[in-house]
Amino acid sequence: MPIATPDVYAEMISRAKAGAFAYPAINVSSSQTLNAALRGFAEAESDGIIQVSTGGAEYLSGPTVKDRVRGAIAFAAFAHEAAKSYDVQIALHTDHAPVDAVEHWVKPLLAASTERVKAGGDPLFGSHMWDGSAVPLDENLKLAEELLALSAEAKTLLEIEVGVVGGEEDGVAHEINEKLYTTVEDGLATAAALGTGDKGTYLTALTFGNVHGVYKPGNVKLRPEILRDIQQTVGEKYGKEKPFNLVFHGGSGSTAEEVAAAVDYGVVKMNIDTDTQYAFTRPVAEHMFKNYDGVLKIDGEVGNKKMYDPRTWGKAAEAGMAERVVNATQWLRSAGQRMK
């Protein structure tokens, strides 16, 4: 199937919330990791979301070029073609964008999508994220209102973050403290500014102790009940059940029970990056250690081309990452839920 159209993406979100499941949102930074994510979703018979961060987009443009707009456009073009080989729906998304990245990354991409839509086509990406966690809430929501209107013109969805995700990702870093927990008042302010669907569909990353990076279970103090309380209070005010389409950031180290609770409370998208990076790299490390005398030209020998051919270890890397994607769909209950 081709990349999900705006109507299909909207239906994906509605189906997830109604069916109490969520889509893994897999960060990628190359054609290989993109192919691994596509393979994983297809093997799990799950629709899904594939996304690129600012750093990932810069890398895709060429490590010495570092043009995040060009890298993102190149990624989208490749994904639109590659996805046709798989019988699942895939939405494309751009991940964390602080203020400078909104102006110099998200807005140019929205403009490119708007031009495509005006010409009768579909947008490059299905959604973009504005990460306003580093600015006051009123400033966060003011820019979110502007981006929500621009997103409507481009036929894309907007993702926002209300609260703070701890740890570090692509240069965006926050301390691990009480600011990691979004309040009910924050939720009410968000609904007052952006509506509950009447001004356009958006995704909301409400934080409940989330932390980016590598953590063992038990080291991250998640409180999924925060999501329940915000959904209930805002829902009662606006007469809607689970008014927010929630996003789960910083999920490494989470238990199955914590993930299940978050999905029950309205999470429809869960970002996965750290775990899939390791799943991709681990088979490469094993290959290199087991075949070092073939990979390296030791003592003047010529090595073994079959061992250092990037396709050899690349296939193993893609298989490892695809398996982790399948596992994510099982935890999030999207396995077997693909749209027919």
Donor-acceptor contact present, side-chain Lys17 to main-chain Lys242, <3.5 Å: yes
Carboxylate-amine/guanidinium proximity below 4.0 Å for Asp229 and Arg223: no
Name of the residue among His128, Gln51, Lys269 meeting side-chain hydrogen bond (donor to acceptor under 3.5 Å, both in side chains) with Glu159: Lys269
Using a 3.5 Å cut-off and no angle test, enumerate the donor-acceptor pairs between side-chain atoms of residues 102-109 and protein atoms at least two apart in sequence or in another chain.
unit_1, atom_1, unit_2, atom_2, d
Glu103, OE2, Lys107, NZ, 2.9
Trp105, NE1, Arg68, O, 3.2
Lys107, NZ, Glu146, OE2, 2.8

All pairs passing side-chain hydrogen bond (donor to acceptor under 3.5 Å, both in side chains) where residues 190-199 contributes a residue, at least two apart: Thr196-Lys240
Taking every non-hydrogen atom, the tightest pair across Ala82 and Leu38: CB-CD1, 4.0 Å
Side-chain donor/acceptor of Arg324 to backbone N/O of Asp275, under 3.5 Å: no
Check: Thr183 main-chain N/O paired with Asp186 side-chain donor or acceptor under 3.5 Å: yes
ring-ring contact (aromatic ring centres under 6.0 Å, His included) contacts touching residues 11-38 (sequence neighbours left out): Phe21-Tyr23
Contacts of Phe248 that satisfy ring pair (Phe, Tyr, Trp, His ring centres under 6.0 Å) - sequence neighbours left out: Phe208
Any side-chain heavy-atom pair of Met270 and Trp331 under 4.5 Å: no
Side-chain polar contacts of residues 284-294 - donor-acceptor pairs under 3.5 angstrom, sequence neighbours left out - could you list them?
unit_1, atom_1, unit_2, atom_2, d
Glu286, OE2, Lys290, NZ, 2.8
His287, ND1, Asn291, ND2, 3.3
His287, NE2, Met307, O, 2.7
Asn291, ND2, His287, O, 2.9

Main-chain N/O of Val162 paired with Thr182 side-chain donor or acceptor, under 3.5 Å: yes
Chi angles and distances behind the side chain to side chain donor-acceptor pair (under 3.5 Å) call for Asp131, Ser133: CA-CA 6 Å; Asp131 182 354; Ser133 58; 2.6 Å; yes
Nearest-0.5 Å distance, CG of residue Leu157 to CE of residue Met12: 10.0 Å
Check: Asn35 side chain, Ser31 main-chain N or O, donor-acceptor pair, under 3.5 Å: yes
Side-chain donor or acceptor of Glu58 paired with backbone N/O of Gly71 under 3.5 Å: no
Non-neighbouring partners of Gln277 that pass side-chain hydrogen bond (donor to acceptor under 3.5 Å, both in side chains), sequence neighbours left out: Asp273
